Amino acid sequence: ADEVETSSDNKDADDLQAQQHAAEKQVADLQSQLGKARAGIAWLSAKLDDAKVSIKHADESRSRWVKRETAEEHDKDAASKAQQIALAAERAEKERADNFKDLETQAESAASIEKAKQAAARNATGEAQMWAMREQTALAVAQNRLEEAHHNE
């Protein structure tokens with residue numbers, strides 16, 4: 001039983017030693033990363049200083065362009081207003097054209113309906129004439145029979 005206990009103690013000690021080595025390696029890795037981060041920060045600091053100088057030059061250049069942009073902005077506004085007026089006129093013209101097209105479509109539809117009514121009226125007239133002729137024929141036949149009946153009496 002002592003051998004099992006000793007073996008178990010050795011195993012625990014080995015595990016602890018392995019964990020210690022892993023922790024030491026992690027610490028070394030973190031220290032390495034910290035060193036790299038510090039070097040990166042120093043590099044970024046130098047870049048930031050360069051950027052500040054560039055910004056100063058850009059600000060000076062921008063102030064020169066502001067005067068030009070003000071004049072160009074005025075011209076741009078005038079052109080934009082002219083464009084808006086032209087677009088409004090175009091929309092109004094399109095609306096007029098659409099309204100005309102709608103009226104034309106309505107007129108064509110009304111003409112089509114009128115043609116259909118005329119055709120129906122012609123058909124009804126023809127049918128009425130046919131029935132009138134049948135009635136006249138029937139009346140003539142009836143009158144002939146009546147006359148024959150009078151003659152035969």
Side-chain angles (χ1 to χ4, degrees), residues 1-140:
D2 286 338
E3 286 180 24
V4 170
E5 228 175 85
T6 305
S7 172
S8 175
D9 288 344
N10 287 341
K11 185 174 188 309
D12 288 345
D14 288 344
D15 287 347
L16 286 174
Q17 193 174 15
Q19 288 177 358
Q20 181 182 355
H21 285 303
E24 288 171 355
K25 184 177 183 321
Q26 284 182 335
V27 168
D29 287 346
L30 289 174
Q31 286 176 341
S32 172
Q33 289 176 5
L34 180 60
K36 289 178 183 176
R38 284 182 179 153
I41 289 171
W43 181 81
L44 288 173
S45 179
K47 288 294 180 184
L48 180 59
D49 290 341
D50 290 345
K52 286 178 184 177
V53 171
S54 294
I55 288 172
K56 181 181 174 192
H57 291 299
D59 284 344
E60 292 169 356
S61 177
R62 186 181 63 81
S63 67
R64 288 189 302 268
W65 283 98
V66 166
K67 291 179 184 176
R68 289 183 188 171
E69 287 177 358
T70 303
E72 289 174 0
E73 193 66 32
H74 176 72
D75 293 344
K76 180 181 166 188
D77 288 344
S80 177
K81 286 178 185 175
Q83 182 183 23
Q84 290 174 358
I85 291 170
L87 289 173
E90 181 182 346
R91 282 191 300 271
E93 187 59 35
K94 183 182 182 312
E95 188 175 331
R96 272 189 237 114
D98 288 346
N99 288 339
F100 178 76
K101 187 174 183 177
D102 288 344
L103 290 174
E104 188 176 37
T105 301
Q106 290 173 6
E108 288 173 359
S109 178
S112 177
I113 290 170
E114 187 58 34
K115 284 181 183 177
K117 284 181 181 178
Q118 288 175 357
R122 280 193 301 273
N123 288 343
T125 301
E127 192 173 324
Q129 288 174 346
M130 179 188 71
W131 283 106
M133 288 174 56
R134 285 185 182 173
E135 287 179 15
Q136 286 175 354
T137 303
L139 181 61

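Everything quoted here is computed from the prediction, not taken from an experiment. Hydrogens, waters and symmetry mates are skipped; everything else that's a heavy atom, side chains included, is used.
- The CZ atom of Phe100 sits 9.5 Å away from atom OG1 of Thr105, with the distance rounded to the nearest 0.5 Å.
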| said: Before you tell me yes or no, could you show the steps for Arg122 and Thr125 under side-chain contact (heavy atoms from CB on, under 4.5 Å), namely the whole-Å CA-CA distance, both residues' side-chain angles and the distance that decides it to 0.1 Å? | reply: CA-CA 5 Å; Arg122 280 193 301 273; Thr125 301; 5.6 Å; no
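- With contacts defined as side-chain heavy-atom distances shorter than 4.5 Å, the pair Leu139/Glu135 does not qualify.
- Here the side chain of Ser80 pairs no donor or acceptor atom with the backbone of Lys76 at under 3.5 angstrom.
- Under the 3.5 Å distance criterion, the side-chain polar atoms of Thr137 are matched with a main-chain donor or acceptor of Met133.
- Taking CG of Leu30 as the reference point, atom NZ of Lys25 lies at 10.5 Å (rounded to 0.5 Å).
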| task | I would like to know whether Glu95 and Arg91 meet side-chain contact (heavy atoms from CB on, under 4.5 Å); could you show each step before the answer? | result | CA-CA 6 Å; Glu95 188 175 331; Arg91 282 191 300 271; over 6 Å; no
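- In this structure, the separation between CZ on Arg64 and CZ on Arg68 is 8.5 Å, given to the nearest 0.5 Å.
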| message | Apply side-chain contact (heavy atoms from CB on, under 4.5 Å) to residues Gln106 and Leu103 and explain how you reach the verdict. | response | CA-CA 5 Å; Gln106 290 173 6; Leu103 290 174; 3.8 Å; yes
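- By the 4.0 Å N-to-carboxylate-O rule, Asp98 lies close enough to Lys94 to be salt-bridged with it.
- Residues passing the side-chain contact (heavy atoms from CB on, under 4.5 Å) test with Arg96 are Ala92, Glu93, sequence neighbours excluded.
- With Ser61 contributing its side chain and His57 its backbone, the two residues share no donor-acceptor pair below 3.5 Å.
- Figure legend: Arg62 and Trp65 shown without cation-pi pairing, the cationic atom not lying both under 6.0 angstrom from the six-membered ring centre and within 45 degrees of its axis.
- Interatomic distance, OG of Ser45 versus CZ of Arg38, reported as 14.5 Å (0.5 Å rounding).
- Atom CD of Gln17 sits about 6.5 Å away from atom CG of Asp14, to the nearest 0.5 Å.
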